[in-house]
Asker: 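Pasting a structure here, questions to come.
First listed ligand is number 1; within each ligand, the first listed atom is number 1. Side chains are part of it too, since the values below use all heavy atoms of this structure and drop only hydrogens, waters and symmetry mates. Count residues from 1 along the sequence.
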Amino acid sequence: MNHIEQQNIQVGEIANGLPLSIPVYRLKGDGSGKSVYIQANMHGAEVQGNAVIYQLLEQLKMLDLRGDITLVPYANPIGCNQKSGEFTLGRFDPITGVNWNRLYHFNTELVSEFAERSSNLSDEQLRHEFKAALEAEVDTRLNGPAHKLATGKRIALNLQKLAHQADIVLDLHTGPISAKHLYAPEYARDSARYFDIEHVLLIPNEFDGAMDEAAFCPWWQLQEQLAQQGRDFAVPVEAYTVELGSQERIDLDDALEDANSILSYLNYQGVFKDAHYTPKVMQRHACYLKDYVAYYAPMGGMVQYKAKLGEHVKAGDTIAHILRMERYLSEEPLHPVKFNQDAIAILHFASASVNQGTELYKFFTNTFDL
Ligand code: ZN
């Protein structure tokens with residue numbers, strides 16, 4: 001059985017002086033395979049990733065590992081404790097309003113400088129030195145003056161430091177009420193078939209502050225800049241945001257399914273010796289990020305969500321009913337809401353009461369088979 005090492009990393013302090021810390025679990029491989037970093041629960045209500053990490057550890061301790069594996073449940077020690085009544089909030093820093101998953105760091109200049117002075121490095125040296133440069137870049141900020149780092153930035157940088165040490169990065173999230181889906185960088189579309197996830201969102205090489213982008217954008221940009229110099233360099237890092245379903249929910253059976261899905265992908269990446277994990281046979285629907293459409297509530301009211309998640313809707317189908325009881329005597333109180341495109345419903349708002357303009361649904365449109 002593999003030894004699992006635990007280290008608690010301090011990522012901040014709260015007002016009464018107590019430390020904010022996160023548990024980091026590590027398993028050592030024999031060094032011949034890719035290393036892996038998996039974190040969960042950056043958004044407070046998105047707790048299911050912790051159960052998936054539990055199910056992963058239960059299996060990883062029995063496997064023959066080539067690569068090192070690092071797992072971080074409760075990645076954001078503020079988020080999952082941020083309650084209002086019976087609900088967990090935890091998508092945004094309550095003080096600044098900033099999304100916790102938009103605080104990672106990327107310096108494009110680092111890529112350009114590195115691309116310019118890397119011509120006499122072998123691919124192997126290049127991978128090694130660029131990885132070290134990314135980590136050093138994060139370290140410089142973490143070790144700099146404390147007054148320059150906001151609470152969420154300090155948490156993010158500590159996580160990013162761990163992520164840059166790995167070749168494979170998985171950030172486990174959930175939607176509000178949601179079908180499972182996967183954010184995959186466009187260059188890794190073939191690898192996305194090894195997850196047991198039917199819905200795959202293909203994202204471009206643009207940094208918007210999220211963990212997956214912070215892990216792959218520097219490498220993808222380096223690959224593009226080297227290509228301009230006529231050098232063929234394969235992106236050696238893959239990073240995904242894995243959306244496990246709905247928030248505010250722990251389901252250990254479903255977590256086992258998702259752990260097996262992740263193990264299937266890691267097995268394909270050669271992280272294990274003699275493991276049996278293979279992807280399920282299923283139809284996988286892909287959509288480009290530009291075709292991932294938000295549908296905002298056209299009016300305020302009480303909502304019955306009609307379009308089932310993961311379900312294909314046809315242009316003109318009723319996706320929801322909005323009830324307006326203040327007009328029961330004066331006009332029609334029940335309003336069907338329709339969507340004018342063929343689409344797959346991926347997620348919907350978590351509450352049945354909405355303001356005009358609340359994000360009601362998100363749809364994959366212009367989908368194609370992966
Ligand atoms: Zn999330």
Asker: Any chance the side chains of Asp212 and Thr241 put a donor and an acceptor closer than 3.5 Å?
Answerer: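 Judged by distance alone, the side chains do pair up.
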Asker: Would you say Glu46 and Asn41 are linked by a side-chain donor-acceptor pair, where the criterion is simply a distance under 3.5 Å?
Answerer: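 Side chains of Asn41 and Glu46: no pair found under 3.5 Å.
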Asker: Under 4.5 Å between side-chain heavy atoms, hopping through other hydrophobics if needed: is there a path connecting Ile69 to Met211?
Answerer: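 No.
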Asker: For the pair Tyr268 and Tyr194, name the ring-plane relationship: parallel under 30°, tilted 30 to 60°, perpendicular over 60°.
Answerer: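 Rings of Tyr268 and Tyr194: parallel, as their planes differ by under 30°.
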Asker: Within less than 2.8 Å, report the number of protein N/O/S atoms around the Zn ion (ligand 1).
Answerer: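 N, O or S atoms of the protein closer than 2.8 Å: 4.
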Asker: Suppose we screen for side-chain hydrogen bond (donor to acceptor under 3.5 Å, both in side chains). Which residues come up paired with Arg66, at least two apart in sequence or across chains?
Answerer: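 Partners of Arg66 by the side-chain hydrogen bond (donor to acceptor under 3.5 Å, both in side chains) criterion come out as none, since no residue qualifies.
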Asker: Judged by atom type as modelled, is there a donor-acceptor pair below 3.5 Å linking the side chain of Gln48 to the main-chain atoms of Leu244?
Answerer: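 No; judged by distance alone, with no hydrogens or angles, the pair does not exist.
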